[in-house]
2 protein chains.
Amino acid sequence: MGVLRKTKSVEVVLHEFSKDSSAISVITLVERLQLDMNKTTVYRILNKLEDDGIVHSFLGKNGHKWYAKCHNCSSAVHKDVHPHFQCISCGKVECLEINVPIPDIPNRKVEVSQILLQGKCEACYD
Amino acid sequence: MGVLRKTKSVEVVLHEFSKDSSAISVITLVERLQLDMNKTTVYRILNKLEDDGIVHSFLGKNGHKWYAKCHNCSSAVHKDVHPHFQCISCGKVECLEINVPIPDIPNRKVEVSQILLQGKCEACYD
DNA sequence: AATTTAACGCAACTAAGTTGCAACAATGAT
DNA sequence: ATCATTGTTGCAACTTAGTTGCGTTAAATT
Ligand SMILES: [Mn+2]
Ligand SMILES: [Mn+2]
Ligand SMILES: [Zn+2]
Ligand SMILES: [Zn+2]
């Protein structure tokens, strides 16, 4: 899979990610681009962009899907695994470039960790 | 809110949690109890049990809701906030009684952390 | 036993995400 | 520039987790 053709729709979606580094929920994206393309197209393009290592996805606090730009990924190596931060005041979601060490758990082998932190973001902080 | 009447349905739901300490997804519960009660009833009972501090909820890897017994909670104090572990082999989900320290993040105030670990559980571990 | 009202079943609904298919358009070859 | 190929799109229908309204049932209290 992956993006093969540079269509207008793909460019529009990529532009949404280029103008702001914070994450975007699919719900927001579908609504924001409803005049440009069908929601099915949004879902399909995001799928392919993720396959290509251009964006990565995760689930927000309601279990809805969010996407953000990858930094140094490719279709071969998807190394964008990190915690995410959702502001409980303004709703903004950001990638956190921090490492949260997971303690060893007896008789269990942790392979993936999904961490969603919630709190006040830079702008909403007192 | 909260559970006011000890109905047959409430007892059936509580029994599901008493016979096994691992978490149960709502999807599983609705299916397992379909002969005993309507799915609406399952959802409503779980809501109330959570209000009462008898169970707590969290989202599994697909964003679907899971519930597990609380240990020392009440309707006043819900202190059951901890990481959860989902086995990628057998699907079992467990509460982890460990503390994962979240490092300080500059200009941001973390208030809640949602941590879902995935890997091999005790039974599926090599 | 009668009264009160929380809890229940049922059907209809909501909303995120998916699928099948015909029409369209990006791309490379002629 | 035109054609042929085939990846991409729009649309409508679908799937499924979870919710809501309402009339009926049954737990608790008298
Ligand atoms: Mn990220
Ligand atoms: Mn738990
Ligand atoms: Zn904020
Ligand atoms: Zn397992």
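Per chain, numbering begins at 1; letters A, B, ... match sequence-line order.
Note on Lys39(A): a base of the nucleic acid sits closer than 4.0 angstrom, heavy atoms only. Among the heavy atoms of the strands, none lies under 4.0 Å from Asn62(A). Contacts of Lys65(B) with the nucleic acid, taken as non-hydrogen atoms under 4.0 Å apart, involve only primed sugar atoms and P, OP1 or OP2.
Between His64(A) atom NE2 and dT14(C) atom P there is a gap of 16 Å when expressed in whole angstrom units. The distance from atom CG of Asp52(B) to atom P of dA6(C) is 15 Å, rounded to the nearest whole Å. Here dA17(D) presents its P atom at 14 Å from CG of Leu59(B), a figure rounded to the nearest Å. Put simply, CD on Gln34(B) is 15 Å from C1' on dC10(C), counting in whole angstrom units. If you take CD of Glu31(B) and P of dG18(D), they are 14 Å apart, rounded to a whole angstrom. One interatomic measurement links the two molecules: CG of Asn38(A) to C1' of dT18(C), which rounds to 12 Å at whole-angstrom precision. One can place CG of Leu29(B) at 11 Å from P of dG18(D), the figure rounded to the nearest angstrom. For Ile45(B) and dG9(C), the CD1 to P distance is 8 Å, given to the nearest whole Å.
Closest to the Ser9(A) side chain, of the nucleotides dT9(D), dA7(C), dG18(D), is dT9(D). The side chain of Met37(A) lies closest to dG10(D) when the candidates are dG17(C), dG10(D), dA28(D). Listed nucleotides: dA26(C), dC10(C), dG18(D). Nearest to the side chain of Thr7(A): dA26(C). The side chain of Thr40(B) sits closest to dG21(D) out of dA7(C), dG21(D), dT19(C). Nearest nucleotide to the side chain of Lys48(A), out of dT20(D), dG20(C), dT8(D): dT8(D). Considering only side-chain atoms of Ile27(B), the nucleotide from dT19(C), dT5(C), dA17(D) that sits closest is dA17(D). Closest to the Tyr43(A) side chain, of the nucleotides dG17(C), dA6(C), dT19(D), is dG17(C).
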- [ ] For Phe58(A) and Lys65(A), run side-chain contact (heavy atoms from CB on, under 4.5 Å): C-alpha distance rounded to whole Å, both residues' side-chain angles, the deciding distance at 0.1 Å, then the answer.
- [x] CA-CA 6 Å; Phe58(A) 56 94; Lys65(A) 216 163 187 183; over 6 Å; no
Open item on the list: Set out, in order, the CA-CA distance, both residues' side-chain angles and the distance that settles side-chain contact (heavy atoms from CB on, under 4.5 Å) for Ser75(B) and Asp51(B), then state yes or no.
Closed with: CA-CA 6 Å; Ser75(B) 58; Asp51(B) 280 343; 5.9 Å; no
TODO: Apply the test side-chain contact (heavy atoms from CB on, under 4.5 Å) to residues Met37(A) and Ile45(A): give CA-CA distance (whole Å), side-chain angles for both, the deciding distance (0.1 Å), then the verdict.
DONE: CA-CA 11 Å; Met37(A) 71 196 76; Ile45(A) 288 175; 4.3 Å; yes
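Atom CG of residue Leu29(B) and atom OH of residue Tyr67(B) lie 9.5 Å apart, to the nearest 0.5 angstrom.
Under the 4.5 Å side-chain criterion, counting only non-hydrogen atoms from C-beta, Val13(A) is not in contact with Val10(A). Counting heavy atoms from C-beta on, the side chains of Leu49(B) and Leu14(B) come closer than 4.5 Å.
Positionally, the nearest nucleotide of DNA chain D for Val26(B) lies more toward the 5' end than for the other of Lys8(B) and Val26(B).
The base of dG10(D) sits with one of its N or O atoms less than 3.5 Å from a complementary donor or acceptor on the side chain of Arg44(A). Side-chain N/O atoms of Arg5(B) and base N/O atoms of dA7(C) include no donor-acceptor pair closer than 3.5 Å.
Not one side-chain nitrogen or oxygen of Thr41(B) sits closer than 4.0 Å to the OP1 or OP2 atom of dC8(C).
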